[in-house]
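Below: one structure, written as C-alpha cells.
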Amino acid sequence: FCAKLVQNPRHRFVCSRTQPDSRMETRMSNEAQAHGVMDRLRHLISGMFSGGKLEPERQLFIETLFVLLAQVARADGIVTAEEATFGERLIDRMQLTGEGRRLAVESFDRGRQQKLDIGDELARFSTQYPAGTDEARQLFDFVIQLACIDGRVRPGERQVLQQITAHLGYPRTALEAHLPAEIGQS
C-alpha cells in the first residue's frame, strides 16, 4: 500500500498511499512506534505466564495500562471505535491470552465506566515500576498513542495526559515532546 515511506524530523513515519477513489496521506507514526515498543514489551513480558497464572507485577502493569488507556479514551466524553480497536490490537500485540486478556478487558471496562483517581492508580504502579523504568516509559508511550489515534488531542485528553505525565515523574515538557508535531502544543 505504501508508495513512499519516509522518516520525518521527529522520527515518525509518513506513508503516502493512493486509493482507487482518492489520494490520501496516511500517518503511520503510531503504528511504527507501537510496533517497536511492542517488540520491547513482548521481551519484557515473555515470562508473564507461569502455570497459566499472571505474575503479580505483570498483572499490575496490565491493569494499570488498560485502566489509564480507558481514562484517556473517555476523557472527551466518548470512547470511539478507533480507541477501542487500539486497545484490542494492543492486547493482541502483547499476545495476552486467558487471564491476561480477561484482566486487560476488565481493566479497560473499569476505566471506561468511571472516573478514577489517576494519582492512586499510578502510586500503586510506581511501587513496582518507579519513574524511569522501561514499563513506566512504555505505559507513557501507549497512553499518548491512544490520545493521538484520531489525529488530535482534545482538551480533556490533554488534561488526563498531563496528570499521567506528572504522576509518572516526568516534566510537563515531556508530554509536548512526545506528541506528534502535527498535533502541536496548546
Side-chain angles (χ1 to χ4, degrees), residues 28-150 153-154 156-157 159-165 167-170 175 178:
M28 297 208 32
S29 62
N30 289 343
E31 286 292 321
Q33 281 184 320
H35 189 68
V37 171
M38 287 312 303
D39 289 340
R40 290 192 316 250
L41 187 58
R42 270 192 213 109
H43 175 70
L44 286 170
I45 63 173
S46 61
M48 183 184 333
F49 295 100
S50 57
K53 196 166 181 152
L54 288 172
E55 295 174 6
E57 62 271 7
R58 297 305 177 204
Q59 182 176 344
L60 176 62
F61 179 81
I62 292 166
E63 185 178 353
T64 306
L65 172 62
F66 284 92
V67 161
L68 292 178
L69 288 172
Q71 289 288 287
V72 171
R74 77 182 293 276
D76 60 359
I78 187 167
V79 177
T80 66
E82 291 169 318
E83 292 165 334
T85 299
F86 178 89
E88 291 168 6
R89 287 184 179 160
L90 187 56
I91 289 170
D92 291 341
R93 287 183 183 159
M94 291 173 68
Q95 298 178 343
L96 297 177
T97 59
E99 182 69 16
R101 179 174 286 277
R102 182 196 59 75
L103 179 62
V105 170
E106 286 177 1
S107 298
F108 192 88
D109 285 344
R110 182 170 70 94
R112 181 179 52 85
Q113 292 172 4
Q114 58 186 332
K115 184 165 175 61
L116 302 171
D117 186 325
I118 290 171
D120 287 349
E121 296 292 325
L122 286 171
R124 200 168 53 95
F125 178 82
S126 295
T127 62
Q128 182 66 41
Y129 302 110
T133 61
D134 285 341
E135 291 84 356
R137 282 190 293 273
Q138 289 170 344
L139 185 139
F140 187 60
D141 288 343
F142 286 136
V143 296
I144 290 173
Q145 288 174 32
L146 177 78
C148 298
I149 198 83
D150 61 359
V153 176
R154 292 180 176 87
E157 292 169 327
Q159 184 178 21
V160 172
L161 289 174
Q162 288 169 343
Q163 290 176 32
I164 292 169
T165 302
H167 287 290
L168 284 174
Y170 293 118
L175 174 59
H178 277 74

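This one's a predicted model, so the numbers in the text were calculated from it and none came from an experiment.
For the residue pair Glu121 and Leu116, the shortest heavy atom distance occurs at OE2-CD1, 4.1 Å. The shortest heavy-atom contact between Ala84 and Val79 is N-CG1, 4.4 Å. Minimum heavy-atom separation, Ala147 to Val72: CB-CG1, 3.7 Å.
Between Leu146 and Leu68 the shortest side-chain heavy-atom distance does not fall below 4.5 Å. A 4.5 Å side-chain heavy-atom check between Glu135 and Arg58 finds at least one atom pair inside the cut-off. Phe86 places a side-chain heavy atom less than 4.5 Å from the side chain of Leu69.
Annotation: the span from Thr64 atom OG1 to Gln59 atom CD amounts to 10.0 Å, rounded to 0.5 Å. The distance from atom CZ of Phe125 to atom CD of Glu63, rounded to the nearest 0.5 Å, is 11.5 Å. If you take CZ on Arg101 and CZ on Phe66, they are separated by 9.0 Å, rounding to the nearest 0.5 Å. Atom-to-atom distance recorded for Leu60:CG and Leu65:CG is 11.0 Å, nearest 0.5 angstrom.
Between the side chain of Glu157 and the main chain of Ala75, no donor-acceptor pair closer than 3.5 Å is present.
Between Glu82 and Arg89 there is no salt bridge, since none of the side-chain N atoms of the basic residue sits less than 4.0 Å from a carboxylate O of the acidic one.
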